[in-house]
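I have placed the structure first, in the form of structure tokens, so that the comments after it can refer back to it.
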Amino acid sequence: MSRDTISKAFPSPRHDHRACVDAALVQAEAVCADRGLRLTPLRRRVFELVWQSHQPVTAYALLEQLVRDGHRAQAPTVYRSLEFLLECGLVHRVESLNAFVGCNQPSSGHDVGIFICRVCGDVAELAETAISRSIERGADRIGFTVESRVVEVSGTCRACADASR
Ligand SMILES: [Zn+2]
Ligand SMILES: [Zn+2]
Ligand SMILES: [Zn+2]
């Protein structure tokens, strides 16, 4: 795996996060344009809020922030925006935290491993086709129809592991 893939997965705590947000917005615009969909101002704002850090954010926290922004948003509005972003593959739901995180490679449809650092709360995703292949094999054996192949793994990111040494 290239250094670039690794550094993209868990960016250093001192990285320029504005650049991550800008890149994510450019990708989001491209994904929507490709599919003839519109990134409305509200969807865009929800997307930006999901991307405010590399930590998953709950729908409730998003709603609170929108209200603080002066939006008259209500829970269903936020859920609809999140549904849209999920369908476009622009964000992922982190089931174990019931929260959402921005996708850093939305243009490639992917089965992913989501790695959650229990120390800093950051989340990274890696497209791991080997994981989905073995899920498929196991499912085949027991006659199970797979809907989601996202595996969530909790542990410690490199920066946090280094800091605790
Ligand atoms: Zn960042
Ligand atoms: Zn992704
Ligand atoms: Zn960490």
Side-chain angles (χ1 to χ4, degrees), residues 1-39 43-59 61-62 65-66 69 78-136 146-165:
M1 190 172 302
S2 75
R3 219 48 257 142
D4 190 45
T5 313
I6 294 168
S7 66
K8 249 196 212 149
F10 274 109
S12 114
R14 289 173 306 280
H15 77 289
D16 172 16
H17 186 61
R18 191 63 235 173
C20 299
V21 178
D22 288 345
L25 280 168
V26 169
Q27 280 188 312
E29 296 284 2
V31 166
C32 288
D34 258 10
R35 300 181 170 208
L37 298 169
R38 231 162 65 73
L39 195 62
R43 288 166 175 172
R44 188 188 166 91
R45 184 64 191 139
V46 169
F47 183 67
E48 270 180 340
L49 288 172
V50 170
W51 263 103
Q52 64 195 288
S53 74
H54 294 273
Q55 299 175 4
V57 56
T58 63
L62 291 171
Q65 283 171 309
L66 285 172
D69 279 1
V78 175
Y79 279 112
R80 272 199 301 276
S81 294
L82 284 169
E83 254 346 290
F84 173 85
L85 297 170
L86 283 167
E87 263 166 43
C88 293
L90 293 169
V91 304
H92 293 297
R93 191 197 305 273
V94 183
E95 302 283 355
S96 58
L97 302 172
N98 194 18
F100 302 86
V101 70
C103 176
N104 58 9
Q105 47 196 6
S107 39
S108 57
H110 48 278
D111 297 321
V112 292
I114 291 188
F115 297 79
I116 306 160
C117 176
R118 285 193 297 109
V119 181
C120 66
D122 276 9
V123 164
E125 61 172 283
L126 288 176
E128 284 292 350
T129 45
I131 296 176
S132 27
R133 267 201 305 274
S134 62
I135 291 175
E136 289 292 351
V146 176
E147 280 164 15
S148 157
R149 294 171 194 77
V150 177
V151 174
E152 297 180 9
V153 184
S154 72
T156 314
C157 77
R158 184 177 291 176
C160 290
D162 286 349
S164 73
R165 239 172 237 135

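These numbers come from the heavy atoms of this one structure, side chains and all, not from hydrogens, waters or symmetry mates. Note that ligands are numbered from 1 as they come in the structure, with each ligand's atoms numbered from 1 the same way.
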key: Among the N, O or S atoms of E125, the one nearest the Zn ion (ligand 2)   = OE1

The Zn ion (ligand 3): angle it makes with SG (C160) and SG (C157), nearest 10 degrees = 100°

task = Just to the nearest 10 degrees, tell me the angle at the Zn ion (ligand 3) spanned by C117 SG and C120 SG.
result = 110°

inquiry  = For the NE2 atom of H15 and the NE2 atom of H54, what is their distance to the nearest 0.5 Å?
reply    =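 If we round to the nearest 0.5 Å, H15:NE2 and H54:NE2 are 3.5 Å apart.
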
Rounded distance (nearest 0.5 Å) linking atom CG of L25 with atom CZ of R44 =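 Rounded to the nearest 0.5 Å, the CG-CZ separation comes to 4.5 Å.
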
ask   = Does a salt bridge link D22 with R18, judged by any charged N lying under 4.0 Å from a carboxylate O?
value =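 Answer for the salt bridge query: yes.
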
inquiry  = Closer than 4.0 angstrom, basic N to acidic O: yes or no for E136 and R133?
reply    = no

key: With the Zn ion (ligand 1) as the apex, the ND1/NE2 angle for H17 and H54 - to 10°   = 100°

